[in-house]
Amino acid sequence: IDEGLKNDHTDGHIDNIARFVAPGRVVCQAPAGPEDPNAATLDAIAGIVTAEIVDLGAYADLTGRALAGAFRGSAEVSSASPFTEWSVTANGTATNLGVGVPQVDPLLAGEATIAGGIALAGGRWTVDNVRIATAQLDASASGSFGRPEDTLVVRANLADVGVFDL
């Protein structure tokens, strides 16, 4: 936020709109209603987040999956309250990713690069050149889903199907 919120005595400090409340959890302020003098500002929270997450397992509760590995990178984030529309464009590297799926986790082992964007607007998910590349996998996705007319194209190249324990 360029100038802080109205009646903000902190001169725009981030802790006036967002706070870490527990490991892996951030709470963002939302307007009290349409008459809130900060409604327009809070409805347009956007920014660039740079993160180094040494243990993605801390975010397992958010995703409902047994996550593993580490991530380092940045993401440009924008959202509108009540967070029914948002977008994220990320670029980073990861180490030993795991999503708790035995058929997928061997493909994510080692170093990985991750890039691309995902957005949700009007009930439609848009995937913009999302790519994950490891020594075992090079996968990409683009398109949209959420409506009958949508198309999502996913491509995956495997270096060696022997990584699967068949």
Intermediate values then yes/no, side-chain contact (heavy atoms from CB on, under 4.5 Å), Ile132 and Thr113: CA-CA 6 Å; Ile132 182 166; Thr113 58; over 6 Å; no

What do the steps show when you test Thr93 against Ile114 for side-chain contact (heavy atoms from CB on, under 4.5 Å), and what is the final call? CA-CA 6 Å; Thr93 59; Ile114 301 170; over 6 Å; no

Name the atoms and distances for all side-chain donor-acceptor pairs under 3.5 Å in residues 117-130, with sequence neighbours left out.
{"unit_1": "Arg124", "atom_1": "NE", "unit_2": "Asp150", "atom_2": "OD1", "d": "3.0"}
{"unit_1": "Arg124", "atom_1": "NE", "unit_2": "Asp150", "atom_2": "OD2", "d": "3.2"}
{"unit_1": "Arg124", "atom_1": "NH2", "unit_2": "Glu149", "atom_2": "OE2", "d": "3.3"}
{"unit_1": "Arg124", "atom_1": "NH2", "unit_2": "Asp150", "atom_2": "OD1", "d": "2.6"}
{"unit_1": "Asn129", "atom_1": "OD1", "unit_2": "Ser142", "atom_2": "OG", "d": "3.0"}

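A salt bridge (Lys or Arg N to Asp or Glu O under 4.0 Å) check over residues 103-123, counting only residues at least two apart or in different chains, returns nothing. Residue pairs satisfying the salt bridge (Lys or Arg N to Asp or Glu O under 4.0 Å) criterion with at least one member in residues 134-145, sequence neighbours excluded, are listed as follows: Arg131-Asp138.
Here Leu107 contributes atom CG and Leu97 contributes atom CG; the two are 11.5 Å apart, rounded to the nearest 0.5 Å.
Of all heavy-atom pairs spanning Ala68 and Leu56, the tightest one is O-CD1, 3.8 Å. The nearest pair of heavy atoms linking Arg65 to Val99 is CD-O, 3.4 Å. Nearest heavy atom pair, residue Val88 against residue Ala75, reads CG1-CB, 4.0 Å.
Each of Val54 and Phe71 belongs to its own hydrophobic cluster when Ile, Leu, Val, Met, Phe, Trp and Tyr are linked at side-chain heavy-atom distances under 4.5 angstrom. When hydrophobic clusters are built by joining Ile, Leu, Val, Met, Phe, Trp and Tyr residues whose side-chain heavy atoms come closer than 4.5 Å, directly or via intermediates, Val153 is not grouped with Leu158.
Around atom CZ of Arg155, no more than 12 heavy atoms belonging to other residues, nucleotides or ligands sit under 6.0 Å away.
When side chains are defined from C-beta on, Thr151 does not count as touching Phe145, because their heavy atoms never get closer than 4.5 Å.
Judged by distance alone, with hydrogens and angles left aside, the side-chain atoms of Asn96 form no donor-acceptor pair with the main-chain N or O of Gly69 at under 3.5 Å.
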